[in-house]
Amino acid sequence: MRRVYFDHSATTPVRPEVAEEMQKYLTEYFGNPTSLHYFGRQVRKAVEEAREKVANAIGARPEEVVFTSGGTESDNMAIHGIAMINKNRGNHIITSAVEHHAVLNTVKALGKQGFTVTILPVDKYGMVSLDDLANAITDKTILISIMHASNEVGTIQPIKDMAAMAREKGIFFHTDAVQSMGKIPVNVDELGVDLLTVSGHKIYGPKGVGALYIRKGTRWRQTLFHGGAQERLRRAGTENVPGIIGLGKACELAARDLEKEAAHLAGLRDKLIKEVMDKIPHVQLTGHPTMRLPNHASFCFEFIEGESMLLSMDMKGVAASSGSACTSGSLEPSHVLLAMGIPHELAHGSIRITLGRDNTEEDIDYFMEIMPPIVERLRAMSPLDQE
Amino acid sequence: MRRVYFDHSATTPVRPEVAEEMQKYLTEYFGNPTSLHYFGRQVRKAVEEAREKVANAIGARPEEVVFTSGGTESDNMAIHGIAMINKNRGNHIITSAVEHHAVLNTVKALGKQGFTVTILPVDKYGMVSLDDLANAITDKTILISIMHASNEVGTIQPIKDMAAMAREKGIFFHTDAVQSMGKIPVNVDELGVDLLTVSGHKIYGPKGVGALYIRKGTRWRQTLFHGGAQERLRRAGTENVPGIIGLGKACELAARDLEKEAAHLAGLRDKLIKEVMDKIPHVQLTGHPTMRLPNHASFCFEFIEGESMLLSMDMKGVAASSGSACTSGSLEPSHVLLAMGIPHELAHGSIRITLGRDNTEEDIDYFMEIMPPIVERLRAMSPLDQE
Amino acid sequence: MYTEKVMDHFENPRNVGEIPDADGVGQVGNPTCGDIMKIYLKIDDGIIKDIKFKTFGCGAAIATSSMVTEMAKGKTIAEALQLSNKAVAEALGGLPPKKMHCSNLAADALHAAIQDYQNKQNK
Ligand SMILES: Cc1ncc(COP(=O)(O)O)c(C=O)c1O
Ligand SMILES: Cc1ncc(COP(=O)(O)O)c(C=O)c1O
Ligand code: FES
Ligand code: FES
């Protein structure tokens, strides 16, 4: 059976060049980078080179990059570290309703520990409004965390303008760039952010490794982990060397291939969106029509449910994902879709197609071949479809 | 030049069998284990098999094993999670003066957050006394964390007796088994512990992955990370799949080869200790003479300093480590050596030789060939050596 | 971590030893890490004719000791007093940030030995 992977927002395969580099750091160059001796020094050098690659990819300086165990840790570390160290200056944190749980739940947890939290609403496209942000800021605000682009609906936020607003008032700004990296330009100075989250496995690097950018001079401190003096006291624990090497390489390639990749992806995405909207009735595009990631197409299919679509697609070899209640751990539909004002029932029928570098027009053609009968079959079964 | 790696407590090479298994989970089986589809399911299965392997290696049930980013995270997670969830029952935590910083600094940090902390002293061999522990326990004690074996001096603690004491009083017991795994038997029921820390890269597995054993029924909750619902809400963040696969395989092999390996290592260690003590004057063995890890030989060389020994050894191709002030980040000699009552000056001359599965008698012979002239040369330079 | 120059001075330290009839002897301990350095001077006509050291310390401590003796040899007392910790570190092509304090030992020990010589002269 033909297998088509359309779930690149969930995770990506490791590029062969990346896997090859990593392999050497499992067996041959295995030293602990903290060790003084030959075996350690070799590895230290490679870790610092990887740090440079990550820094270059986002326009930062190497010493502003801290390696972590992934996007989740980076988000937690960024937010908790700013909150705890700046609470003498204020106790107000602003985030948005469409953040990843790694941000949203971290901020909410702080809300139970003496912080005041504002969760900004979004419009029907999943976009945060600059006016809402301006109105939310108080003289107690110490941190704003808004994601660069949405994993669920692909919407790109106006980070530059929001960060400028924060900068003017001396408020730290964090953005989660896990989904935007490698798809649209991510440059810490152009965005004007103080902290930025990167994850390896969304950019054809390995799982279990990420980075946090912390602008020089930012009042931040490690507050989650205690232990050794690794990462200049910013992250305790023996470095995930093969992971770090892989992340470095993946960032290098992502930055190098960005334009070509984005054009390729946008072409496929536009074809996909057009054909779905043209050929399948009762479908709505979710997320912003233009301000969206080039690889991201997300829809709500009326009258049917996401998991049953996913299973049907999977039986035909197509892998995608859904924000339906039945697929989420919590049995609530995606908080992102609900925040966009999409009714429960419709959110139930959400499907997310996220394209990647290996996808082709033929993959889209195949999808358009299998999808209409699936939708038809499930709708025929549905008590909601009254036509 | 001959290269001899004698620093297996710092880290170990990944065994080829382990690296091979991991490789497949970088490129071929790359799905996100949370995903419902084919790509995700394949990987989910492999992750659960790895969990079984880790559980089998320590005599636990798979559902009692949570994957983490390493020993440091496991230690932090164990201690913080017990402390925060049980503080209504009591606020007293007991640990020892010779713990790894991942435990010691975590407990000390809790000491600044309303917890009362007892740090048990050790005798000159680095051993905690059962009487001291018994005397330290109060009706406010909720957690005892004592390491299974010391990374610095190899001393093995009487965990079984200490854990029994805790069990009797309804106190949770955590042990850091990072160094003991693969060298002496580690079985959670025989030890009688409630939580136990494992790290991949000390047992010929990869860096950046570890596990925490949490006995069923233990009042523990994740309190460090917020995010997705991975690991049954016990650890948020996309799973480090290749790392987990590697950890599983490494645990399987460690358990399988334990006896053979331990005998091999103990033979080499005994030869090394005997020859050093016989052939080099003014040397003291540190750690317990008999209750020590089979691969661990640690010494203090009088009148000379550890880093200069390490550099000299490194120039001859031998990699080891030291707890001297000059090699530590903090410019204090190892807290472990000081806790054992070793004076600053002597601690300054500490050298740790930790053997591994690839070491041979010839490695020891080579070490005994290069070491005496190094010691002699440095002593000739030392203002302390007055002979 | 260390420059080639540091490793060279560590491996082949210049002027190691003692001067039994030294004109000045200085010993300093590094309060940061507990290392010790001792410098012996032979001074003639206000010029450092001979200089030897003994050091208990890390690679940087040994290399800076060696370097400072090389730099001081043949200099006048006034010139030697001008030798700073920074100059010693620079002559070695720099030291890792964590190890900058090690260079304090070297110049301090030299200055202590000169002080000792001057104290004896004034008696
Ligand atoms: C926007 C966003 N932030 C954070 C994360 C978490 O990253 P990780 O899976 O590396 O923990 C993800 C992916 O799961 C994501 O899509
Ligand atoms: C006893 C002990 N505990 C914890 C750790 C930390 O483990 P990791 O390096 O995987 O974070 C180490 C090793 O550094 C150790 O030796
Ligand atoms: S009906 Fe089964 S989870 Fe929705
Ligand atoms: S003199 Fe001790 S660290 Fe250099």
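None of the values given here were measured: they were computed from a predicted structure. All chains are named by letter (A, B, ...) in the order of the sequence lines, taking the proteins before the strands, and each is independently numbered beginning at 1. Computation of the quantities below employed the complete heavy-atom set of this structure, encompassing side-chain atoms and omitting hydrogens, waters and symmetry-equivalent molecules.
Proximity to chain B is absent for every atom of A:Arg232, based on heavy atoms less than 4.5 angstrom apart. Residue contact with chain A, scored on non-hydrogen atoms closer than 4.5 Å, is absent for B:Ser321. Proximity to chain B involves both the backbone and the side chain of A:Leu26, based on heavy atoms less than 4.5 angstrom apart. With a threshold of 4.5 angstrom between heavy atoms, A:Asn105 approaches chain B through its backbone and through its side chain.
Taken from CG in A:Leu224 to OG1 in B:Thr223, the straight-line distance is 9.5 Å, to the nearest 0.5 Å.
Of all heavy-atom pairs spanning A:His37 and B:Ala320, the tightest one is CD2-O, 3.2 Å. When all heavy atoms of B:Phe39 and A:Val4 are compared, the pair lying nearest together is CE1-O, 4.2 Å. Scanning all heavy atoms of the two residues, the minimum distance from A:Arg235 to B:Ser69 falls at NH2-OG, 3.0 Å. Between B:Ala19 and A:Gln23, the closest heavy-atom pair is CB-NE2, 4.0 Å. Residues B:His101 and A:Gly228 come closest through the heavy atom pair CB-N, 4.2 Å.
In the displayed structure, A:Arg44 atom CZ is contacted under 6.0 Å by more than 12 heavy atoms of other residues, nucleotides or ligands. Residue-environment remark: OH (B:Tyr29) stays at or below the threshold of 12 foreign heavy atoms within 6.0 Å. Open room surrounds CD on A:Glu20; 12 or fewer heavy atoms of other groups in view lie less than 6.0 Å from it.
By a heavy-atom distance cut of under 4.5 Å, A:Thr72, A:Glu73, A:Asn76 are the residues of residues 70-85 of chain A near chain B, going up by number. Residues of residues 5-14 of chain A lying within less than 4.5 angstrom of chain B, judged on heavy atoms, are A:Tyr5, A:Asp7, A:Ala10, A:Thr11, A:Thr12, A:Pro13, A:Val14 in numerical order.
Taking the side chain as every heavy atom from C-beta outward, A:Arg41 and B:Asp314 approach each other to under 4.5 Å. Contact of the B:Met22 side chain with the A:Pro206 side chain is not registered, since no non-hydrogen atoms from C-beta on lie closer than 4.5 Å.
Partners of B:His174 by ring pair (Phe, Tyr, Trp, His ring centres under 6.0 Å), not counting sequence neighbours: none found. Checked against side chain to side chain contact (heavy atoms under 4.5 Å, CB included), B:Thr95 has the following partners two or more places apart in sequence or in another chain: B:Glu99, B:Val103, B:Leu104, B:Val107, B:Ile119, B:Ser145.
Taking A:Pro242, A:Gly40, A:Gly237, A:Gly200 one by one and counting their heavy-atom pairs under 4.5 Å with chain B, the maximum is reached by A:Gly237. Per-residue heavy-atom pair counts under 4.5 Å with chain A were compared for B:Lys108, B:His201, B:His100, and the maximum is reached by B:His201. Interface summary for chain B: among A:Leu36, A:Ile244, A:Thr34, A:Leu310, the most heavy-atom pairs under 4.5 angstrom belong to A:Leu36.
Although no hydrogens or angles enter the test, the distance criterion places no donor-acceptor pair under 3.5 Å between the side chain of B:Lys207 and the main chain of A:Gly243.
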